[in-house]
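Let me begin by presenting the structure, written as structure tokens, before commenting on it.
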Amino acid sequence: MNNKFENMLDSFSDARRNGFLKVKELKDQNKNIVGVFCTYTPKELIYAANAYPVSLCSISEETIPESEKHLPKNLCPLIKASYGFALTDKCPYMYFSDLIVGETTCDGKKKMYEYLGELKDVHIMQLPHTQKGSLSKELWENEISIFKEKLESKFNTKITDEKLKEAIKLCNREREILKEFYSLGKLNPSVISGYEIQKILQGANYTFDKELQNKQILELIETFKNKYKNKEFLSNKKTPRILVTGCPLGGVVDKIIKPIEETGAIVVAYENCGGAKNLEFNVDENIDPIVALGDKYLNIPCSIMSPNSQRKELLERMVKEYEVDGVIEVVLQSCHTYAIETHDIRRHCTSLNVPFISLETDYSQSDLGQVKTRIEAFVEMI
Ligand code: BJ8
């Protein structure tokens with residue numbers, strides 16, 4: 001691969017760190033920043049309010065000891081780290097956020113937001129916990145309208161239908177291109193590692209110039225397709241192809257994805273919030289924008305929904321489309337909703353004849369050896 005593309009890959013990998021300066025520049029230009037935690041946030045509204053959304057999901061254990069002064073130790077590391085960064089002011093994204101939006105997803109997050117509200121301006125969206133029934137849809141559309149009003153009053157702006165439709169187009173285009181990018185995982189034999197796919201998808205969360213991002217990702221897609229044409233493969237027909245599902249991976253990429261690929265397997269698909277759960281479906285551009293946003297976001301197949309049969313449907317489709325040989329689920333410690341769904345997902349994978357393993361872990365390095373051993377045994381068994 002030539003230098004230009006290596007640099008592009010590196011720049012996406014470093015996007016989170018490079019974004020620190022960018023977010024400060026935006027603040028210096030009096031732009032507004034909205035910190036978001038979850039895939040359920042309709043970020044189109046934030047763009048339509050002339051503000052910039054930025055991901056606050058914390059991916060390091062650095063501030064967990066500080067957050068444990070207020071929060072229980074046996075809480076999901078993502079929640080503890082996020083709150084810890086707000087407490088210690090160590091995350092520039094949190095520090096520069098004019099507003100933070102959180103949804104009532106899992107109990108841990110929703111209770112943490114109460115404390116976060118003592119430190120920052122936090123707007124909570126009441127998310128229904130089922131996609132079924134007209135009342136859920138009505139409640140969620142109403143919450144979207146309330147969020148719209150909050151943004152308008154906070155940033156002294158008017159979100160017109162026109163602006164919102166423009167923002168929907170922008171976000172749809174971004175999702176389409178990212179989807180085309182991660183769909184490179186379907187190529188068999190593979191030309192891109194799961195680690196590279198993950199780093200680039202994560203980098204997109206911290207990239208503010210979306211036109212440049214789209215252009216660069218399209219160039220990357222072209223490069224990898226050419227590699228396929230030229231038979232520059234990373235794997236062969238015998239390489240085990242892995243799909244990763246479960247909790248967000250931000251804090252455990254090096255701990256999970258690297259060891260999977262070091263065993264000689266390759267990660268070809270992500271059915272989680274960094275991948276298909278977020279990017280697979282677009283917002284309908286032909287109906288009322290609030291209704292369209294309501295549909296898209298309420299249908300995200302997260303384990304906090306009950307029932308959550310859409311996760312199994314998406315998983316099943318991806319197992320077929322990506323020619324998957326094994327499914328690895330990642331459950332962050334104390335994430336009850338994903339941990340409880342494990343049984344159902346295991347059953348489903350068994351019915352599809354695909355080996356399945358669930359790994360429970362946190363952001364620390366203490367179980368690294370154990371995680372590696374389990375991954376090696378799983379890949380060997382495939
Ligand atoms: S849409 S996966 S980003 S809620 S914080 S539920 S890991 S115990 S992050 Fe999530 Fe939105 Fe769903 Fe995606 Fe579990 Fe931890 Fe809760 Fe978590």
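Order of listing sets the numbers, starting from 1, for every ligand and every atom in it.
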So if I count the atoms of ligand 1 from 1 in the order they appear, which ones are less than 4.0 Å from some heavy atom of [X]?
X	value
Cys76	5 (S), 7 (S), 8 (S), 15 (Fe)
Cys302	1 (S), 2 (S), 4 (S), 12 (Fe)
Cys273	1 (S), 2 (S), 3 (S), 13 (Fe)
Tyr338	2 (S)
Thr105	4 (S)
Thr39	1 (S), 3 (S), 11 (Fe), 13 (Fe)
Tyr40	1 (S)

Donor-acceptor contact below 3.5 Å, side chain [X] vs main chain [Y]:
X	Y	result
Lys163	Tyr47	no
Thr41	Val36	no
Lys137	Gln131	no

A quick test of your reading: do over 12 heavy atoms of other residues, nucleotides or ligands sit less than 6.0 Å from NZ of Lys238? no
Shortest non-hydrogen contact from Thr245 to Glu271?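 Closest approach of Thr245 to Glu271, heavy atoms only: OG1-OE1, 2.6 Å.
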So among Ile260, Val327, Ile328, which one has a side-chain contact (heavy atoms from CB on, under 4.5 Å) with Phe378?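 Only one option passes, and that is Ile328.
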Quickly, which of Ile159, Thr160, Leu164 forms a side-chain contact (heavy atoms from CB on, under 4.5 Å) with Pro289? Name it, please. Leu164
Quickly, which of Lys154, Lys150, Lys120, Lys27 forms a salt bridge (charged side-chain N to carboxylate O under 4.0 Å, His left out) with Asp98? Name it, please. Lys27
Pick one of side chain, backbone, both or neither for how Ile79 approaches ligand 1, counting any non-hydrogen atom pair under 4.0 Å.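 The side chain, only.
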Any N/O/S atom, backbone or side chain, of Cys335 lying under 2.8 Å from atom 14 (Fe) of ligand 1? yes
If hydrogens are left out, which of Ser303, Cys106, Ser82, Gly250 has an atom nearest to atom 16 (Fe) of ligand 1, that is, the closest non-hydrogen atom?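 Selected option, by shortest heavy-atom distance: Cys106.
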Min heavy-atom dist Gly108 to ligand 1 below 4.0 Å: no
